[in-house]
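Note that the structure is a prediction, hence the values are computed from the model and not measured. The basis for the numbers below is simple: all heavy atoms, side chains too, and nothing from hydrogens, waters or symmetry mates.
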Amino acid sequence: MPKICLVGAGSTVFAQNILGDVLSSEVGGAFVISLFDIDPERLKTSEIVARRICETLRLDNIRIEPTLNRREALQGSDFVILMMQVGGYKPATVTDFEIPKRHGLRQTIADTLGIGGIFRGLRTIPVLEAICRDMEDVCPDALLMQYVNPMAINCWAIKEIAPSIRTVGLCHSVQHTAAHLAACLGEDVADINYLSAGINHIAFFLKYEKLHADGSREDLYPRLRALAEAGSVPDDDRVRFDVLKRLGHFVTESSEHFSEYTSWYIKEGHGDLIERLNIPLDEYIRRCEVQIAEWHELRRDLEGGKPIEVCRSNEYAAGIIHAAVTGRSALIYGNVPNNGLIQNLPDECIVEVPCHVDRNGIQPIKIGRIPSQLAAVMRMSISVQELTVEAALTRKRERIYQAALLDPHTSAELSPDQIWRLVDDMIDQHGDLLPAYH
């Protein structure tokens with residue numbers, strides 16, 4: 001009986017999506033679903049969600065096991081799915097926005113790169129290390145599916161901490177953007193063939209084409225570039241279409257995310273850029289408030305006995321489990337160690353590439369060289385990721401300073417002395433959420 005463990009199961013809406021996908025898939029048979037969280041109230045809500053999904057799908061061969069004991073949850077697991085947010089919305093996410101803003105640094109999402117991504121990684125990596133040590137003891141053969149941001153930083157840390165654990169980092173940016181571009185062009189995504197490669201949130205479509213009924217293929221990039229030149233683009237996606245004009249390829253993560261990954265768009269004294277490109281500063285704070293309200297509404301609905309609707313998402317976890325259990329292969333985009341997969345990126349970094357999945361696990365597909373201008377943009381962020389991981393694993397405070405100093409957006413807005421003061425303030429405000437640095 002395969003066992004699936006959700007770590008951070010109190011992320012109820014995401015857990016609902018993952019469980020809905022897994023339990024409505026064609027795998028069949030009995031499963032143990034282990035739910036772990038440190039928040040008993042949220043854990044109880046997620047347990048109700050899991051049981052309601054089973055009721056809706058008329059499944060009587062699924063065992064739901066909620067627990068506040070992580071080691072117990074992991075014991076004997078075949079699949080481990082990470083979905084936690086260390087430090088929560090308050091105080092951690094609020095700190096990631098409010099402290100930098102006091103120092104003159106504005107952000108949009110702050111969970112992947114930039115000063116917000118650096119500190120999200122620093123407070124998450126010690127928890128990842130503890131999880132990995134538990135897995136080495138109680139489920140060493142499990143496949144770890146890592147959904148937690150900052151994706152590349154976290155996966156890089158896991159590679160260093162526990163190289164024996166089979167791990168893949170999962171995001172939805174590639175498949176979401178593929179569907180988004182099809183909609184922009186008035187096409188059905190089922191008719192689209194694409195290839196993407198890079199690092200998480202800074203991967204680019206190397207190929208985006210339409211498959212016609214006669215078997216011919218049409219490169220859709222000319223049509224996308226025509227939209228960009230004409231300005232006929234969605235209001236919330238002006239940054240990415242501008243990037244398309246500058247770099248020749250379309251990036252897979254959203255405009256609000258990408259706007260803070262470079263030194264180009266959020267710039268003091270250039271408010272015209274913010275307005276013209278419709279960049280939503282403090283966007284993640286607004287989203288978190290909405291998500292918290294939705295969680296409270298969901299909880300009230302569940303306690304009131306409202307039936308739950310099971311809808312399939314386009315997350316990869318269910319497809320991976322299905323392929324691993326049945327042997328029927330699947331293709332996903334996963335975050336894995338490079339080791340030559342993309343020749344003009346460092347071997348030690350984490351890349352996001354297509355991967356074949358079957359009973360043998362995750363098998364990344366070699367890409368070769370990517371366009372040099374795309375690799376150059378990625379390498380700016382890879383240096384920040386590397387220094388952040390080194391800071392977390394060595395506890396050297398100077399590596400945090402250096403990671404922030406090399407971050408494109410942070411260094412474009414602040415002087416070196418300002419960056420040092422910002423880092424000191426962030427460390428102080430995080431308090432016990434961070435280990436001691438020397």
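Looking at R123, its side chain does come within 3.5 Å of a backbone N or O of V86 through a donor-acceptor pair. Proximity of a side-chain donor or acceptor of Q146 to a complementary backbone N or O of V148 within less than 3.5 Å is detected. No donor-acceptor distance shorter than 3.5 angstrom exists from the side chain of N200 to the backbone of A152, with no hydrogens or angles considered. In this structure a side-chain-to-backbone donor-acceptor pair under 3.5 Å is missing from R399 to E386. Panel note: side chain S25, backbone V22; a donor-acceptor pair is recorded below 3.5 Å.
Contacts classified as side-chain hydrogen bond (donor to acceptor under 3.5 Å, both in side chains) and involving residues 264-277 (residues at least two apart or in different chains) are given here: D242-Y265. Residue pairs satisfying the ring pair (Phe, Tyr, Trp, His ring centres under 6.0 Å) criterion with at least one member in residues 111-144, sequence neighbours excluded, are listed as follows: F119-H430.
Note on R133 versus E136: salt bridge recorded, some NZ/NE/NH1/NH2 to OD/OE distance being below 4.0 Å. Between R71 and D134 a salt bridge is recorded (basic side-chain N to carboxylate O distance below 4.0 Å). Salt bridge status for E41 with K44: absent, with no side-chain N to carboxylate O gap under 4.0 Å. Salt bridge absent: R51 and E55 never bring a charged side-chain N and a carboxylate O closer than 4.0 Å.
Closest approach of E253 to S173, counting heavy atoms only: OE1-CB, 3.2 Å. Heavy-atom minimum distance, W295 versus T12: NE1-OG1, 2.9 Å. Residues L341 and P364 approach most closely at CD1-CB, 3.6 Å, considering heavy atoms. Shown here for A50 and L19, the closest heavy-atom pair between the two residues is CB-CD1, 3.8 Å.
Ring centroids of F205 and Y194 are separated by less than 6.0 Å, placing the two rings close together. H249 has its ring centre no less than 6.0 Å from the ring centre of Y208.
Residues N149 and H201 bring no donor and acceptor atom of their side chains to less than 3.5 Å of each other. For Q85 and D111, the side-chain atoms include no donor-acceptor pair closer than 3.5 Å. Side-chain contact, E72 with T67: a donor N or O sits under 3.5 Å from an acceptor N or O. For E256 and Y284, the side-chain atoms include no donor-acceptor pair closer than 3.5 Å. Between the side chains of T108 and E260, at least one donor N or O sits under 3.5 Å from an acceptor N or O.
Looking at T177, L277, L181, V233 one by one, the single match for side chain to side chain contact (heavy atoms under 4.5 Å, CB included) with R240 turns out to be T177.
The shortest side-chain heavy-atom distance between T112 and M151 does not fall under the 4.5 Å cut-off. In this structure, H409 and L105 have side chains that are in contact, with non-hydrogen atoms separated by less than 4.5 Å. At a threshold of 4.5 Å between non-hydrogen side-chain atoms, the residues D237 and F250 count as touching.
Other residues, nucleotides and ligands contribute at most 12 non-hydrogen atoms within 6.0 Å of the NZ atom of K90. At most 12 non-hydrogen atoms from other residues, nucleotides or ligands lie less than 6.0 angstrom from CD1 of I38.
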Show every donor-acceptor pair shorter than 3.5 Å between a side-chain atom in residues 318-332 and any protein atom, with sequence neighbours excluded, or say none if there are none.
residue	atom	partner	partner atom	Å
T326	OG1	H322	O	2.7
T326	OG1	R328	N	3.1

